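Every number for a ligand or one of its atoms is a count from 1 in the order of the listing. Remember, it's a predicted structure, so these values are computed and weren't measured experimentally. The chain is numbered in sequence order, starting from 1.
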Amino acid sequence: MTKKELVFLGPPASGKGTQTDRLSKELNYPHVDTGSLLRKAIADGTEDGKTAKSYIEKGQLVPVEIVASIIKTRLKEQDCANGFILDGFPRSTEQAEMLEEMLKEIDADNNDVDFKVIYFDIPQDLLLDRIVTRRSCPKCGRIYNIKTLKPKKEGICDDCGVELTQRKDDTEETAKLRFETYFKETAPLIDFYDKKGSLKKIDANGEINVVWDRMMEVI
Ligand code: AMP
């Protein structure tokens, strides 16, 4: 059976989290999301979490050693053996090169691998508003939006019944720094993966179901 390795690339709030959550449930591949793994490390009070917190609050990339070790451990787990959905990693050329090395090692005995990078292309002017109106469930991670993707009961997760929260880095000030980081460090990956022939670009501007259909066409 072909192992499917799907990497998602795109600016903050481009909709990757919403689509990959659903994709993970439908395809039954784990959703490996570095942002959530780091937020969990912070909540657990680990040493890595403590270091990560100060970078996340400044909208900067967390040091590569921390992220790479978290990712490598996760991708080696048994539930990733048939495929995985990687969201939020790599975020720089250095991380992309590290991922290549990791996958060479992990897939050493597997010649049947389908590696794709799905790039969410979306105009930047839509994103800031999406970020400041985003809310999420602290228990299951489900993403909502107070304008466009409301829960059934205001402020409460449909699935868990717990109160929705706003991420600390989803303020206008930190979001602007995250965009700067994205354009400087992450956007060069579009060209990096295009040259390797792995890039699938989709128009990520549109209704959730419309973007879903566009994504399914390239997967
Ligand atoms: P996200 O949930 O993907 O928006 O990520 C939130 C924050 O976590 C980012 O702004 C970074 O500070 C940090 N982060 C997530 N993924 C990475 C990564 N691959 N490398 C470094 N920092 C990361």
Side-chain ion pair, Asp21 and Lys25, N-O less than 4.0 Å: no

Could you tell me whether some N/O pair between [X] and ligand 1 is separated by less than 3.5 angstrom?
| X | value |
| --- | --- |
| Asp33 | no |
| Gly88 | yes |
| Asp169 | no |
| Gln60 | yes |
| Val62 | yes |

Can you tell me if [atom1] on [X] sees more than 12 non-hydrogen neighbours from other groups inside 6.0 Å?
| X | atom1 | value |
| --- | --- | --- |
| Lys201 | NZ | no |
| Asp44 | CG | yes |
| Glu26 | CD | yes |
| Glu163 | CD | no |

Close approach of Lys16 to ligand 1, heavy atoms, under 4.0 angstrom: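 For ligand 1, residue contact (heavy atoms, under 4.0 Å) with Lys16 is absent.
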
Arg167 touching ligand 1 at heavy-atom level, < 4.0 angstrom: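 Yes.
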
Heavy-atom nearest option to atom 20 (N) of ligand 1, drawn from Glu185, Arg91, Gln95: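 Looking at heavy atoms only, Gln95 sits closest to atom 20 (N) of ligand 1.
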
Side chain to side chain donor-acceptor pair (under 3.5 Å) between Thr20 and Asp87, worked out: CA-CA 8 Å; Thr20 48; Asp87 171 9; 3.3 Å; yes

Approximate separation, where rounding is to 0.5 Å, of Met216 CE and Leu23 CG: 6.0 Å

Lys NZ or Arg CZ of Lys53 over Tyr55 ring: under 6.0 Å, within 45°: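 No, Lys53 does not lie over the aromatic ring of Tyr55.
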
For Thr34, atoms of ligand 1 separated by under 4.0 Å from a heavy atom: 15 (C), 16 (N), 17 (C), 19 (N)

Arg39 neighbourhood, listing ligand 1 atoms whose heavy-atom distance to it stays under 4.0 Å: 2 (O), 6 (C)

Part of Leu38 within contact of ligand 1 (heavy atoms, under 4.0 Å):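 The answer is the side chain of Leu38.
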
